[in-house]
Each structure stands twice: as structure tokens, then as C-alpha cells.
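In what follows, a structure is listed as C-alpha cells, so that the remarks can point back to it.
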Amino acid sequence: GGHDAAVKAKDGVVLIPTPAVPIEAATDLQRRMTKEATMKARFTLMVLLLALVVSPVAIPTGARATLHAVEPGPAAASASPGGTAPWFVETVDAAPGVGSYVSVATDSRGTAYLSYHDETDESLKMAKYVGSGGNCGTDDHWSCEEVDDRVGTTAGLYSSIAIDPTTDLPAIAYWDFASQRELKLATLTTSGWDIVKVDQGLGKYASLKIDATGAAHIAYWTFGAVFQALNYARYVGGGAGNCGGNDFQCDVLFSGDYGIGQYPSLDLTSSGQPRIAYFDRSKDALMYAVPSGSSWTRHKVIPCISCTQASLAVDTAHGDRPHMALHDEGYGTLVYAGYVGSGGNCGPGDSWQCDEIDSVGIQTHVRDVSLMVDKAGYPMIAYTRYTGDPFVTSSLNVARPSAALGRRDGNCGPEMYWQCDKVANTGLGDDYAAIAVSPSGLATIGYYNTEHFGSLKVAYQRVQVFVPLVLR
């Protein structure tokens, strides 16, 4: 697709780069290219390959690495399925002022969905990748629609999108900054969007996940002049709750008078139990909260005076191991914490390993951080950083252990055992970025590009292969 137009030749074999296609598809095609095939068949096959535009499908995983962040990576056999897959960038919604508060999720087929805010219409919007025949994005690859654009609302702030595994359709939690300042949940059904007011007067930094039964879980922040708190809402149904039409149970988990509960990030274990990372300014630390019977317990993991943009991912495929990342605004660094049980350098009983991964710069603008875990158990962090360029001040970057790329050494992190790469420029001003990993192990990042009055863009991975063509 224009990334490597060179033709490589060795021992009479010409290697022609093909567009991004799944490994399985290419392998199947290669098997069919036998010695008995004619040159006409080979030529036809190459034409078909060059015309293919497909989404990635399942790719076999490698062995999981031991993720003490200070240890060298394993051999290339343990690399992630999408570890070396190239990145492609395209515009999703080019309308002025769209793309802030972006969130991304992928369904069981790997289809990407993005929720975001439209500053011009003051509405919540969603984009779905359709490949062709859409109404927005590069070559109409995407379908964009209004979700909540009711008069008198400023919908879509702090949006968080998740896929309901019972329907394979998206739901979006967000803050409506109208007169009532409501936390809302919009759920897509076969008949359209169903919008529910979950909590009134509250709801900044919403973080949504949906469990295997289809029940929504939302962490969010209560704020006020003298009262701030970490809140948690879950769907209970049957009128058994205390909010959201009595179908949700809304609880204050931890509260105080200064900075408690900021930047919450929620994920679920393999059994559907919630875990929440958040910042507590009264303790100057990133906290990790878990339910304990009818109450919750919290642990101080990363000490920091001015942490922002916490992100949590629970690796349900490998023992429900939690991973966290944040932006330490005071030092201008990206920080990662992974649970190791013992022998770490932070958290209760040194049960976590905390490391500075990259310098992102000390600026007044938002520096977003989003973390996911791939199929092999490696963390992948999308983040924005200050470039030092006065004309393009921010860039979108990805950090992951170098072992995920099949390498021993990288270019960042402790002892250079992480690899940090720039993916795209994001422009000037506040940055918003969110990452999701598809079932095939390939990543999609939605981000806000502030150049040219703002737009929503996406960076995504696709697998490229070289198909041999024997010349006689």
C-alpha cells in the first residue's frame, strides 16, 4: 500500500509487497502457489492480492513473557502477534472541532468503534469502521452518526465506549454538561440508541466496561468545592438500584475534600469483578481499588504529586494480572506499573514493578495515556508527548516491552528494555488518545488531531506479507 514499493530479488525469486492482509489468508494463498501453477495463474493471484482490503483475523499467539519491566525480553518466538505490524493513519471525521474525548473499542470481529465529542454541535458522536460505503473518513471507510445531540445538552464529554459481549454492539458512558450535569449511558440496540440518565450532577472521567451478562460497570469522579469522590455504578435491573431509574446501583467508594477519585480507569477480571485505578491527591499516589465483600479496599501503588490520565488493563488471559500507566505531570514522564506479586519496587509489599518509560514533556496541555494488554500478555501504551517543535508541539506514540517485538533491547524504559515509537503528529493544544487491541492482537488508536481546527483520526495496525513469485 505505498509503504514499500521496491521489488526484492534473490536466487531468481521476486518478492512483491502486498497490501495489508491477514497472515492466515496469505499463508493459504502461498500454499496454493505450487510449481504446477502457470504464470497466468500466478499473475491472476497477484492481481487479486493487490485488490484485497481486509480486516485482520485471529493470529496464533506466542508464549507470554515474564514482565518484570527491568528484565531483558525473551527470544523472538515470544513476540506478540501484532508486534511488528506496521501502522497506518487516516482521518475518520474531518469536520471542524470534532474528536476530543475520544474512546475506542473493537467487537468480536475486530471492527473498530470510536466515541467522541463534537465541539461545534455540542454532541456525542460515534464512528464505525465499515471498509467502504460509509459517510465519513478516508475513502468513506467509516460511518459516523450522532448519538446524543438533543437541544440544551453538551453531550459526549469524557466518553468511554465498550462492546456488550451479549450483543456485540457498543455502549457509551459520557458526561452531559447541561444544566443538570448528568452521567449518561447510551446503548445501541437493533432498533437504535437507548439513552439512560445514570447519575445526576456527577460523571466526569467516566470509564465503562460491560461484563459477560451484559451488565454495565462505570467508574466516575464526583467533584465539588468541598467534596470529591470516586464513584462506581453498576447495572442491577429490576428496579433494585438507587439511580438510573432504579436499574443502577450508584455508590461512593472513597471521598474527601481534595482530589480523591480523579482520572478513574475501570476494568473487569475474568469473573466480571471490577478493578479501578484512580488518583488520590490527598495521598499523592495512584491508587488501586478492589471490592472486598460489601466494601472496597485500596492500595497505594505509584507515589506522585501530580499524576494525571491513569489507565488500567486487567490481563484476563493470564491470571487477571493488572497493568497501569499514567502521566506524571510534575516530572513530565510516562510511568508504567505491573503487578508482579513480589520482588517489585512499589505497592504494598513491593508487589508491583513501577518504571519510568519515556519523557513526555512538562506542558499545560492534556497529555493522554491509554493502556491495553495484547494476546501474549504484553502491555501496549498509547500516549502523547511534547516534541519540542513550536509548530507541531505534540505527537502520538506507542510504548511496549521490546520483547513484544521479538527484540532483546529497545530504546526507552529501564535499561532500554522498552520500545517507544512515534506514530503520528497530533498538532497543538490538548491531546486525546485511546487504544484498543482486536481479537487478532492488532491495535487501533483513536486520537484528536488539533491541526486545521481539529479532527478525529485513527492509527491502526495491519499485517503485511511478501508473497514469492518465481520467474522462469
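S402 places a side-chain N or O within donor-acceptor distance of the main-chain N or O of Y417, the cut-off being under 3.5 Å. E146 contributes no side-chain N or O that, together with a main-chain N or O of S123, makes up a donor-acceptor pair within less than 3.5 Å. With hydrogens and angles disregarded, a donor-acceptor distance shorter than 3.5 Å links the side chain of T384 to the backbone of D368. In this structure a side-chain-to-backbone donor-acceptor pair under 3.5 Å is missing from T187 to A171. In this structure, Q461 contributes its side chain and A443 its backbone to a donor-acceptor pair below 3.5 Å. Checked by atom type and distance alone, the side chain of S311 pairs as donor or acceptor with a backbone atom of L371 at under 3.5 Å.
The distance from the CG atom of L396 to the CG atom of N449 is 10.0 Å, given to the nearest 0.5 Å. In this structure, the separation between OG on S159 and CD1 on I172 is 6.5 Å, given to the nearest 0.5 Å. One finds the OH atom of Y174 at 15.0 Å from the OH atom of Y220 (value rounded to the nearest 0.5 Å). Between the CG atom of N345 and the CG atom of D355 there is a distance of 6.0 Å, given to the nearest 0.5 Å. Going from atom CZ of R321 over to atom OH of Y339 covers 10.0 Å, rounded to the nearest 0.5 Å. A distance of 10.0 Å separates CG of D421 from CG of D358, quoted to the nearest 0.5 Å.
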Please lay out, stage by stage, how Y232 and L266 fare under the test side chain to side chain contact (heavy atoms under 4.5 Å, CB included).
CA-CA 9 Å; Y232 167 62; L266 179 146; 3.9 Å; yes

Kindly indicate, with the supporting measurements, whether the criterion salt bridge (Lys or Arg N to Asp or Glu O under 4.0 Å) is fulfilled by K300 and D280.
CA-CA 9 Å; K300 181 177 179 179; D280 186 340; over 6 Å; no

Stepwise side chain to side chain contact (heavy atoms under 4.5 Å, CB included) test for T426 and Y448
CA-CA 7 Å; T426 59; Y448 181 48; over 6 Å; no

Checking Y129 against Y460 for the side chain to side chain contact (heavy atoms under 4.5 Å, CB included) test, could you report, in this order, the C-alpha distance in whole Å, the side-chain angles of both residues, the deciding distance, and whether it holds?
CA-CA 11 Å; Y129 180 79; Y460 59 93; over 6 Å; no

I would like to know whether Y336 and W418 meet ring pair (Phe, Tyr, Trp, His ring centres under 6.0 Å); could you show each step before the answer?
CA-CA 11 Å; Y336 163 78; W418 283 66; 5.1 Å; yes

Between E90 and W142, is a side chain to side chain contact (heavy atoms under 4.5 Å, CB included) present by the stated rule, with each step listed?
CA-CA 10 Å; E90 65 180 51; W142 296 81; 2.8 Å; yes

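Counting all heavy atoms, side chain and backbone alike, P414 lies closest to E356 at CD-O, 3.8 Å. Nearest heavy atoms, V89 versus A424: CG2-CB, 4.2 Å. Pairing each heavy atom of I276 with each of A219, the nearest pair is CD1-CB, 3.9 Å. The shortest heavy-atom contact between C354 and I302 is SG-CG1, 3.6 Å. Of all non-hydrogen atoms in T120 and P96, the two that sit nearest each other are OG1-O, 3.0 Å. For the residue pair F254 and T297, the shortest heavy atom distance occurs at CZ-C, 4.1 Å.
Using cut-offs of 30° and 60° on the angle between ring planes, the pair Y205 and W221 is tilted. Ring-plane geometry between W175 and F223 is classed as perpendicular, the angle between the planes exceeding 60 degrees on a 0 to 90 degree scale with a lower cut at 30.
With contacts defined as side-chain heavy-atom distances shorter than 4.5 Å, the pair K128/P170 does not qualify. L157 has its side chain out of reach of K204: every pair of non-hydrogen atoms, C-beta onward, lies at least 4.5 Å apart.
Within a 6.0 Å sphere centred on CD1 of I305, heavy atoms belonging to other residues, nucleotides or ligands number 12 at most.
Residues S270 and D320 bring a donor and an acceptor atom of their side chains to less than 3.5 Å of each other. For D211 and H217, the side-chain atoms include at least one donor-acceptor pair closer than 3.5 Å.
In this structure D251 satisfies the side chain to side chain contact (heavy atoms under 4.5 Å, CB included) test together with R234, N242, Q249, L253, sequence neighbours excluded.
Applying side chain to side chain contact (heavy atoms under 4.5 Å, CB included) to V373 and the options M380, H318, H323 leaves one that passes, H323.
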